[in-house]
Amino acid sequence: MSAPVLQVADLRTYFHTADEPLRAVDGVSFSLERGTTLGIVGESGCGKSITCLSILRLIDRPGRVEPESSIKLGDRDLMELSEAQMRAVRGNEISMIFQEPMTSLNPVWTIGDQIAEAVRLHRGVGRAAARQRAAEMLGLVGIPKPEGRLNDYPHEFSGGMRQRAMIAMALACDPDVLLADEPTTALDVTIQAEILDLLASLQDRLGMAIVFVSHDLGVVAQIADRVIVMYAGQIVEQGDTGRVFSQPRHPYTEGLLRSIPRVTGKAARLTAIAGSVPSARRWPRGCRFHPRCPHAWERCREEPPLLLAADATSRCWLEEEPQRRAVREEAGP
Ligand code: SF4
């Protein structure tokens with residue numbers, strides 16, 4: 001296996017308010033190899049998007065990526081770079097795409113000028129070469145007759161085309177890492193499938209690593225090699241996508257999977273996870289999932305570490321006391 005292109009270790013992003021700090025991301029670690037995709041799943045508010053923004057060091061005050069965090073791109077620790085050095089990383093070595101393309105696209109600039117500007121800024125090439133690169137990228141993401149669309153404004157593109165243009169802009173400088181934050185959530189199902197296929201084929205051609213954030217487990221199952229499940233600012237389970245989805249270890253992952261609608265031909269009841277995501281202002285003591293967990297017992301008042309579970313990790317005491325799972329199953333609902 002090749003050396004990781006991105007290594008995140010003990011990432012902590014806290015928002016310092018007058019009361020206790022709000023621990024939005026609380027000790028997250030993972031690594032990512034070139035040409036692979038890591039999915040990050042979890043309910044809203046679990047810290048997925050803040051993890052991506054923290055990697056780019058785009059956290060505004062009162063938020064802060066805590067100094068003990070390490071974010072290594074190759075052998076450089078991004079935590080040690082100045083803001084000017086980080087500007088040279090963003091959009092160049094690490095790019096980000098969002099659910100809403102207009103977060104990235106400026107409505108008063110043409111699509112061609114926006115992509116070309118990113119290329120000129122980071123690659124120092126002339127205007128003609130940058131526009132040529134913009135047309136090449138639009139072609140690569142499947143915009144027909146790309147030269148003729150360079151002078152279009154974002155409102156002249158459909159939603160799916162805007163998403164493609166945003167991907168073209170993000171990949172124009174050939175980044176090592178693409179952070180994709182719910183990039184298909186706002187699209188209808190057919191366009192969503194097209195964008196997922198496009199990302200997979202671009203990854204085959206260009207070799208970038210992708211961090212793909214979504215609350216939609218079905219989408220992550222299609223695109224990710226490995227998956228991280230986040231809950232309350234922490235990783236609760238991590239492993240190969242096929243294994244996590246077929247044999248989940250953590251009760252939260254089991255709950256997420258039970259809440260996905262399936263096409264079975266029969267009417268099936270969906271089981272929502274009881275309760276709601278707690279506030280980052282005060283995560284529950286001990287295991288943060290315990291107020292919602294059907295297996296919780298006294299030991300869960302202590303916070304479990306990430307425990308090795310076969311070929312995965314799970315933040316759950318059931319890994320040390322597996323007989324507890326059977327006790328609960330025998331007791332019934
Ligand atoms: Fe449930 Fe306890 Fe495991 Fe937490 S540690 S997920 S409360 S069984």
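Order of appearance sets the numbers: ligands from 1, and atoms from 1 within every ligand.
- Close approach of ligand 1 to Cys287 (heavy-atom distance below 4.0 Å) involves ligand atoms 4 (Fe), 5 (S), 6 (S), 7 (S).
- Side-chain N/O atoms of Ser49 and Asp181 include a donor and acceptor closer than 3.5 Å.
- In this structure, Glu254 CD and Arg325 CZ are separated by 4.5 Å, a value rounded to the nearest 0.5 Å.
- Salt bridge Arg226/Glu33: absent, no basic N to carboxylate O contact under 4.0 Å.
- Using a 4.0 Å cut-off between charged side-chain N and carboxylate O, Glu147 and Arg131 make no salt bridge.
- Shown in contact with Cys300 at under 4.0 Å from a heavy atom are these atoms of ligand 1, numbered in order with element: 2 (Fe), 5 (S), 7 (S), 8 (S).
- Close contacts between ligand 1 and His290 involve ligand atoms 7 (S) [criterion: under 4.0 Å to a heavy atom].
- Below 4.0 Å from some heavy atom of Cys293 lie the following atoms of ligand 1, by number and element: 1 (Fe), 6 (S), 7 (S), 8 (S).
- In summary, the side chains of Glu66 and His16 do present a donor paired with an acceptor at a separation below 3.5 Å, with no hydrogens or angles considered.
- Using a 4.0 Å cut-off to heavy atoms of His250, the atoms of ligand 1 that qualify are 6 (S).
- For Asp240 and Arg243, the salt-bridge test fails: no basic side-chain N is under 4.0 Å from an acidic carboxylate O.
- Less than 4.0 angstrom separates some heavy atom of Cys316 from each of these atoms of ligand 1: 3 (Fe), 5 (S), 6 (S), 8 (S).
- The two residues Asp10 and Gly27 have their closest heavy-atom pair at OD1-CA, 3.3 Å.
- At least one heavy atom of Trp297 sits less than 4.0 Å from an atom of ligand 1.
- Which parts of ligand 1 touch Pro251 is read off a 4.0 Å heavy-atom cut-off, strictly below it: atoms 6 (S).
- Residue, atom and distance of the protein heavy atom nearest to atom 5 (S) of ligand 1 are Trp317 N, 3.4 Å.
- At a cut-off of 2.8 Å, His295 is not counted among the residues with an N, O or S atom near atom 3 (Fe) of ligand 1.
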